[in-house]
Protein chains: 2
Amino acid sequence: MKENKTKYSVLGILSYGPMSGYDIKKFYEQSIAGFWSESYGQIYPILKRLAKEGLAIKSVQKQEGKPDRHIYAITDEGRKALQQWLVEPVGRHIGRHEILLKLIFGRQIELKESMYQIERFRDRQQQELTEIRQLKKRFKTDAADNPNMPFWQLAFDYGEHVNRAYIQWAEKAIGALRKMKK
Amino acid sequence: MKENKTKYSVLGILSYGPMSGYDIKKFYEQSIAGFWSESYGQIYPILKRLAKEGLAIKSVQKQEGKPDRHIYAITDEGRKALQQWLVEPVGRHIGRHEILLKLIFGRQIELKESMYQIERFRDRQQQELTEIRQLKKRFKTDAADNPNMPFWQLAFDYGEHVNRAYIQWAEKAIGALRKMKK
DNA sequence: TAGAGCATGTAATAGGTTACATGATTAG
DNA sequence: CTAATCATGTAACCTATTACATGCTCTA
């Protein structure tokens with residue numbers, strides 16, 4: 001059962017409630033931008049497919065002065081398919097860490113250039129860490145009663161742990177490069 | 001200058017010395033499997049392209065009883081192109097963390113299933129951490145005089161930091177789920 | 001004698017982004 | 001008046017994996 005992750009990410013979002021493709025895109029951007037994203041070029045065709053496969057049903061909501069909203073709702077069948085996917089072991093996945101790729105070829109450039117790379121990386125992850133903490137707080141107050149909250153907290157926690165590790169590594173690496181210079 | 005990362009990963013490997021596509025594949029598998037990988041379906045066409053663009057030159061090494069080796073060597077132009085890419089800031093990249101995707105939809109399945117997911121994840125990262133440490137040691141003794149060594153150490157260090165963070169998070173998350181159960 | 005290693009490559013397919021097309025409303 | 005937001009979708013284009021094709025040698 002080697003199945004499309006994007007499909008299940010959309011189906012999973014629909015498990016939170018009926019939504020349009022536009023809403024789904026927003027969800028990616030505003031909630032899980034830190035660890036997942038999809039473009040319209042993926043979302044709309046997948047919604048069509050989900051409807052064809054009976055995993056979701058479409059209904060059209062007419063609006064004045066704005067385009068119609070095509071709302072998709074997960075079906076029982078869809079929920080079953082999602083559940084099946086959720087319990088499947090996740091396969092090993094190689095995250096492509098471009099910063100490391102650039103580092104290991106560092107002998108080709110000046111040391112200070114590698115340092116800049118790591119500094120930029122550190123700053124970005126620092127910013128991301130700040131954003132995660134803000135999001136975490138916002139969720140805690142805005143949706144304290146949401147039954148999905150505990151799971152979300154785990155995800156935020158993950159982001160905090162990983163980004164802290166990135167930053168710690170970056171500091172250490174910058175120190176090591178400074179020593180190399182001498 | 002939005003250019004193909006795969007191309008530069010191949011070019012970077014060639015900066016270590018002349019190699020065949022087969023060698024390059026091995027390099028991915030034996031050295032940087034933790035943070036980058038490419039298939040033959042990418043490697044061979046890219047080598048062809050590099051030669052066409054003058055960034056590498058090909059020569060054929062005949063062997064007895066084995067297929068010929070098509071050796072590619074980086075050119076001065078190739079080295080320049082690589083250097084240019086190396087100093088370019090790395091763009092933000094969203095690693096697709098499937099484990100998180102499965103977690104945030106966790107309400108759809110039994111709590112213990114989410115726990116299994118995290119336990120499997122923790123065990124895998126634990127194993128990866130062990131492998132990184134072994135690789136680190138092996139490199140330290142095997143190639144102590146290699147001028148690229150300091151950069152490699154930074155990459156190993158990265159792997160250690162990140163995997164430690166994964167494991168710590170996993171322990172914490174399992175604890176949180178255990179509490180939820182009660 | 002089966003399987004792994006050596007070694008090159010292509011074709012089919014899947015996964016994913018970007019640009020384009022359309023067009024009204026609203027906020028600055 | 002300009003830009004953003006709302007809203008749907010497609011086509012062209014990259015990026016990447018998997019399966020296939022070939023064929024010899026060495027090891028278990």
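Below, chain A is the first sequence line, B the second, and so on; all start at residue 1.
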- prompt: Which salt bridge (Lys or Arg N to Asp or Glu O under 4.0 Å) pairs, counting each pair once, include a residue from residues 55-81 of chain A, with sequence neighbours left out?
  reply: D23(A)-R69(A)
Check the distance between [N]'s [atom2] and [X]'s [atom1] and give it to me in whole angstrom.
{"X": "N4(B)", "N": "dT17(C)", "atom1": "CG", "atom2": "C1'", "answer": "14 Å"}
{"X": "Q42(A)", "N": "dT10(D)", "atom1": "CD", "atom2": "C1'", "answer": "14 Å"}
{"X": "K62(B)", "N": "dC24(D)", "atom1": "NZ", "atom2": "C1'", "answer": "17 Å"}
{"X": "K5(A)", "N": "dG16(C)", "atom1": "NZ", "atom2": "C1'", "answer": "13 Å"}
{"X": "R49(A)", "N": "dT10(D)", "atom1": "CZ", "atom2": "C1'", "answer": "17 Å"}
{"X": "K25(A)", "N": "dG16(C)", "atom1": "NZ", "atom2": "P", "answer": "14 Å"}
{"X": "Y28(B)", "N": "dT17(D)", "atom1": "OH", "atom2": "C1'", "answer": "14 Å"}
{"X": "I43(A)", "N": "dG15(C)", "atom1": "CD1", "atom2": "P", "answer": "16 Å"}

message: Going by ring-ring contact (aromatic ring centres under 6.0 Å, His included), name the residues that satisfy it together with H97(A), two or more places apart in sequence or in a different chain.
response: Y158(B)
statement: Sequence neighbours excluded, the answer for ring-ring contact (aromatic ring centres under 6.0 Å, His included) partners of F151(A) is none
task: Kindly give the heavy-atom pair with the smallest separation between E29(A) and A33(A), and that separation in Å.
output: O-CB, 3.3 Å
task: Could you label the plane-to-plane angle of the Y44(B) and Y40(B) rings as parallel, tilted or perpendicular, counting under 30° as parallel and over 60° as perpendicular?
output: parallel
- request: Indicate, with a heavy-atom threshold strictly under 4.0 Å, whether G41(A) touches base, sugar-phosphate, or nothing.
  value: base
- prompt: Does the side chain of R96(A) get closer than 4.0 angstrom to OP1 or OP2 of dA16(D) through an N or O atom?
  reply: yes
query: Are any of T6(A)'s side-chain N or O atoms less than 4.0 Å away from OP1 or OP2 of dG16(C)?
result: yes
message: What I want to find out is whether K172(B) reaches E160(A) closely enough, with some N-O distance under 4.0 Å, to be called a salt bridge.
response: no
Side chains of W36(B) and E38(B), donor plus acceptor under 3.5 Å: yes
field: Partner set under side-chain hydrogen bond (donor to acceptor under 3.5 Å, both in side chains) for N163(A), not counting sequence neighbours
entry: Q125(A)
field: Within the 6.0 Å centroid threshold, strictly below: F27(A) and Y16(A)
entry: yes
task: Would you work out how much the helix from dT1(C)-dA28(D) to dG28(C)-dC1(D) bends between its ends, with each end axis defined by five base pairs, to 10 degrees?
output: 40°
message: I'd like to compare against my own output: the B/S/- annotation of nucleotides 3-9 of chain D with a strict under-4.0 Å heavy-atom distance to protein.
response: --SBBBB
